[in-house]
Visitor: 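Structure provided below as structure tokens; questions to follow.
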There are 2 protein chains.
Amino acid sequence: MIEPTDELAAKTLAALAHPVRLAVVRRLVEAGPPGLTAGQLGEPLDVSPNTLSFHLQKLTQAGLVTSRREGQYIRYRARFDELLDLVDHLVGACCSESRDACGPRCPASRRP
Amino acid sequence: MIEPTDELAAKTLAALAHPVRLAVVRRLVEAGPPGLTAGQLGEPLDVSPNTLSFHLQKLTQAGLVTSRREGQYIRYRARFDELLDLVDHLVGACCSESRDACGPRCPASRRP
DNA sequence: ATCATGTTTCAAGAGTAGTTGAATCATTGA
DNA sequence: TCAATGATTCAACTACTCTTGAAACATGAT
């Protein structure tokens, strides 16, 4: 009953489950397709460069961001599809087994 | 630049970042307002009762589920608002800083 | 070439999370 | 009251994650 997709999604969630990594992903999500360089990401974050690099690697391994060298800099971008897949896996089947809707914000938004 | 809300959301994500807990939450989300008892949750999961209890406690502490004794059983329910707040915190500001939209599935769905 | 900047890699240590088995608590029915 | 079922608590151990400091690599400018 624990599906392989749960195992995978759990790993992806673990990658998000750190203040620095979450802040990074959120900023990349806000930034949209252009993304941001490692330096831009680290600048307001009060984290040493090696620590930031560690976290960026985690996010990359989890498939949540991509990286690409641009001359001296390395540019990171959010992988939007992966993020939206994750969200969908989490709440996509909201109250589908229930007669009662779960509320006005329900992602399934099947209102009478 | 790491906001307190990031710290909190990271903890909530950590609570979701385990296959058993994710499977539990997903089933509670599907189940809707009626929820499920601990026994119902554990039955298809191949986890010992004490381990399940440990995970349910984690989810409760994280504010993702509520529990309520009903006679012999204990019934768990998803806290939908918390979950949706979390999702919103993650992707709610999608590509707001960018000229280019991030894609057709963008939560902000501002299409020309 | 050399140096400065941006970024990653490596090794070591501290702290935290997850599993297990045994014991305990709560409720129901005989 | 006693036994059975549902669920939680406790203690101990293993494994993993995160941080740190030092070193290394890549690029661009002098």
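Within every chain, numbering begins at 1; the chains are lettered A, B, ... in the order of the sequence lines, protein sequences first and strands thereafter. In this text the structure is predicted, and so the values were computed from the model without any measurement.
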Visitor: Can you list everything that forms a side chain to side chain donor-acceptor pair (under 3.5 Å) with A:Asp85? Sequence neighbours excluded, please.
Guide: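 For A:Asp85 the side chain to side chain donor-acceptor pair (under 3.5 Å) partners, ignoring immediate neighbours, are B:Arg105.
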Visitor: Are there any protein N/O atoms within less than 3.5 Å of an N/O atom in nucleotides 9-14 of chain D, and if so, which ones and at what distance?
Guide:
residue	atom	partner	partner atom	Å
D:dT9	OP2	B:Gln57	OE1	2.9

Visitor: For nucleotides 24-30 of chain D, give me one character per nucleotide, 5' to 3': B if any protein heavy atom sits under 4.0 Å from the base, S if the only such contacts are to the sugar-phosphate, - if neither.
Guide: --SSS--
Visitor: Heavy atoms of chain B, cut-off under 4.0 Å: which first and last nucleotide of DNA chain C, 5' to 3', fall inside that, if you could look?
Guide: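 Reading along DNA chain C, I get C:dG18 to C:dT28.
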Visitor: Using atom types as modelled and distance alone, determine if a side-chain donor or acceptor of B:Thr60 lies under 3.5 Å from a backbone N or O of B:Leu56.
Guide: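 Yes, the answer is positive, given that a donor and an acceptor are paired below the 3.5 Å cut-off.
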Visitor: Report yes if the side chains of B:Leu16 and A:Leu16 come closer than 4.5 Å at any heavy-atom pair, otherwise no.
Guide: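 No - every pair of side-chain heavy atoms lies 4.5 Å or more apart.
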Visitor: With A:His18, which residues qualify under side chain to side chain donor-acceptor pair (under 3.5 Å), at least two apart?
Guide: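 Side chain to side chain donor-acceptor pair (under 3.5 Å) check on A:His18 returns nothing, list empty.
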Visitor: Under 4.0 Å between a Lys/Arg side-chain N and an Asp/Glu carboxylate O for A:Arg27 and B:Glu3?
Guide: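 Looking at A:Arg27 and B:Glu3, the cut-off is not met.
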Visitor: Are B:Thr66 and B:Tyr76 close enough that some pair of their side-chain heavy atoms sits under 4.5 Å apart?
Guide: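 No - every pair of side-chain heavy atoms lies 4.5 Å or more apart.
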Visitor: Answer with yes or no whether the side chains of B:Asp100 and B:Ser98 bring together a donor and an acceptor at under 3.5 Å.
Guide: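 No donor-acceptor contact under 3.5 Å links the two side chains.
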Visitor: So if you build clusters from Ile, Leu, Val, Met, Phe, Trp, Tyr with side-chain heavy-atom gaps below 4.5 Å, do A:Leu64 and A:Val87 land together?
Guide: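 Yes: a chain of side-chain contacts under 4.5 Å links A:Leu64 to A:Val87.
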Visitor: Say whether B:Tyr73 and B:Leu45 are linked into one hydrophobic cluster, either directly or through other cluster members, by side-chain heavy-atom distances under 4.5 angstrom.
Guide: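 The answer is no; the residues belong to distinct hydrophobic clusters.
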Visitor: Which is it for B:Glu82 and B:Arg77 under the salt bridge (Lys or Arg N to Asp or Glu O under 4.0 Å) test, yes or no, and what are the steps along the way?
Guide: CA-CA 12 Å; B:Glu82 298 297 322; B:Arg77 292 179 175 85; over 6 Å; no
Visitor: Residues from residues 9-45 of chain B sitting under 4.0 Å of DNA chain C, heavy atoms only?
Guide: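 The answer is B:His18, B:Arg21.
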Visitor: Would you indicate whether the side-chain heavy atoms of B:Val91 and A:Arg26 approach each other to under 4.5 Å?
Guide: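 They are not in contact (no side-chain heavy atoms under 4.5 Å apart), so the answer is no.
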Visitor: Using a 4.5 Å cut-off on heavy atoms from C-beta on, say whether the side chain of B:Cys94 contacts that of A:Phe80.
Guide: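 A side-chain contact under 4.5 Å exists here.
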